[in-house]
Trainee: 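Here it is, the structure, as structure tokens.
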Amino acid sequence: DIAPLFSDASVNDFTLLPESPGIDIGLDSPALDFDLANNPALQGILPDLGCYEASSCASLNDDCASLIILNVDDEPLFTSNKCASAGSDQLLSCSQTTGNSVWYGFTAPAEGAVRIVVDNVMPISSNFNVKIGLFDNDCSNLEEISCENSNGSGLSESMDVIGVQPNTPFRIRVEGT
């Protein structure tokens with residue numbers, strides 16, 4: 001089960017957070033014009049799950065400078081690139097197009113190896129394709145180290161990072177089109 005990411009269920013606020021996996025995955029119903037808060041029932045590609053339609057859309061890690069730091073071996077992180085801007089980043093070496101990108105960072109562990117996995121993806125388009133780019137240097141001087149797009153038009157992707165300098169910071173760009 002994946003948490004719906006309500007704003008604050010403890011006080012009965014069942015509106016969805018912008019990064020909720022329940023956004024844009026409901027069934028389209030022409031009979032439903034408004035949600036319980038009287039917002040238009042369709043503000044994205046599909047209606048949201050639940051009785052409230054998410055009315056704002058933002059991706060906080062839309063660019064490298066605002067990346068989310070990940071700790072190696074932590075619990076999985078559930079996020080979305082739905083609201084990320086498209087085409088603002090350079091082309092990844094394993095892709096012919098730029099899509100909606102979100103950024104993460106991590107520090108290489110002592111053993112100098114890490115596996116990056118993107119899965120359980122809810123597509124934001126009918127031909128969605130996940131790509132992973134790995135970069136070193138700071139955001140103003142990014143250098144692509146590796147790019148993974150081996151699954152073609154798929155909803156999962158993984159990358160094995162081996163032999164990197166321990167305690168070195170890296171940036172990850174996850175892109176979907």
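Please read all numbers here as calculations on a predicted model, not as lab measurements. Atom set for the values below is all heavy atoms of this structure, side chains included, hydrogens, waters and symmetry mates excluded.
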Trainee: How far does CD1 of Ile132 sit from SG of Cys94, to the nearest 0.5 angstrom?
Mentor: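 It is 9.0 Å, given to the nearest 0.5 Å.
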Trainee: State which residues pass side chain to side chain donor-acceptor pair (under 3.5 Å) with Ser7; sequence neighbours excluded, sorted by chain then number.
Mentor: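 Residues passing side chain to side chain donor-acceptor pair (under 3.5 Å) with Ser7: Thr15.
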Trainee: Show the nearest heavy-atom pair for residues Leu142 and Cys139, with the distance to one decimal.
Mentor: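 Heavy-atom minimum between the residues: CG-O, 3.7 Å.
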Trainee: For Ser140, does its backbone N or O pair with a side-chain atom of Asn137 as donor and acceptor, under 3.5 Å?
Mentor: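 No.
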Trainee: Determine the minimum heavy-atom distance between Glu144 and Leu91, stating which atoms define it.
Mentor: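 Result for this residue pair: OE1-O, 4.3 Å.
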Trainee: Counting C-beta onward and ignoring hydrogens, is there a side-chain heavy-atom pair between Val161 and Met159 closer than 4.5 Å?
Mentor: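 Touching, per the 4.5 Å side-chain cut-off.
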Trainee: Pick one: which of Val164, Asn71, Val72 meets side chain to side chain contact (heavy atoms under 4.5 Å, CB included) with Pro109?
Mentor: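 Testing each of Val164, Asn71, Val72 against Pro109, the sole residue satisfying side chain to side chain contact (heavy atoms under 4.5 Å, CB included) is Val72.
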Trainee: CG/Asn149 to CG/Leu92 distance, rounded to the nearest 0.5 angstrom?
Mentor: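 One finds 8.5 Å between CG of Asn149 and CG of Leu92.
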Trainee: Can you tell me if CG on Leu27 sees more than 12 non-hydrogen neighbours from other groups inside 6.0 Å?
Mentor: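 Atom CG in Leu27 is not packed in, count stays at 12 or less.
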Trainee: Please tell me if the side chains of Arg115 and Val117 come closer than 4.5 Å, counting only heavy atoms from C-beta onward.
Mentor: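 Yes, their side chains come closer than 4.5 Å.
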Trainee: Look up atom OG in Ser146 and atom CG in Asp136, then write down how far apart they are to the nearest 0.5 Å.
Mentor: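 These two atoms lie 11.5 Å from each other.
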Trainee: Give me the atom names and distance for the closest heavy-atom approach of Ala110 to Pro166.
Mentor: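 Where Ala110 meets Pro166 most closely, the heavy atoms are O-CG, 3.2 Å.
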Trainee: Tell me the closest heavy-atom pair linking Ala3 and Pro21, and the distance in Å.
Mentor: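 Shortest heavy-atom separation between Ala3 and Pro21 comes out as O-CG, 3.4 Å.
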Trainee: Mind checking whether Leu16 and Phe6 have side chains closer than 4.5 Å, heavy atoms only?
Mentor: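 Counting from C-beta outward, Leu16 and Phe6 do come under 4.5 Å.
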Trainee: Within a radius of less than 6.0 Å around CG of Asp73, do more than 12 heavy atoms belonging to other residues, nucleotides or ligands occur?
Mentor: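 Counting neighbours around CG of Asp73, 12 or fewer heavy atoms of other residues, nucleotides or ligands fall under 6.0 Å, so no.
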Trainee: Closest approach of Arg171 and Asp138, non-hydrogen atoms and distance?
Mentor: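 Shortest heavy-atom separation between Arg171 and Asp138 comes out as NH2-CA, 3.8 Å.
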Trainee: Run through Cys147, Cys64, Ser101 and flag the one making a side chain to side chain contact (heavy atoms under 4.5 Å, CB included) with Arg173.
Mentor: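 Going through the options one by one, the only one that passes is Ser101.
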Trainee: Answer whether the closest heavy-atom distance between the side chains of Val174 and Trp103 falls below 4.5 Å.
Mentor: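 Of all side-chain heavy-atom pairs linking Trp103 with Val174, none is under 4.5 Å.
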Trainee: Distance from Gln165 atom CD to Thr107 atom OG1, nearest 0.5 Å?
Mentor: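 Taking CD in Gln165 and OG1 in Thr107, the distance rounds to 12.5 Å.
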Trainee: With heavy-atom distances below 4.5 Å as the criterion, would you say the side chains of Phe170 and Tyr104 are in contact?
Mentor: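 A side-chain contact is absent here, since even the closest heavy-atom pair is not under 4.5 Å.
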Trainee: Taking the side chain as every heavy atom from C-beta outward, state whether Leu134 and Ile172 have any pair of such atoms under 4.5 Å apart.
Mentor: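 Heavy-atom side-chain distance check passes, below 4.5 Å.
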Trainee: Does Ser95 reach the side chain of Glu175, with side-chain heavy atoms less than 4.5 Å apart?
Mentor: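 Counting from C-beta outward, Ser95 and Glu175 do come under 4.5 Å.
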Trainee: Hey, does Leu49 have a side-chain heavy atom less than 4.5 Å from the side chain of Ile25?
Mentor: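 Yes. Closest side-chain heavy atoms under 4.5 Å.
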Trainee: So how far is it from Leu17 CG to Ile23 CD1, rounded to the nearest 0.5 Å?
Mentor: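 CD1 of Ile23 is found 8.0 Å from CG of Leu17.
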Trainee: Quick one: CG on Asp119 to OG on Ser158, what's the gap to the nearest 0.5 Å?
Mentor: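 These two atoms lie 9.0 Å from each other.
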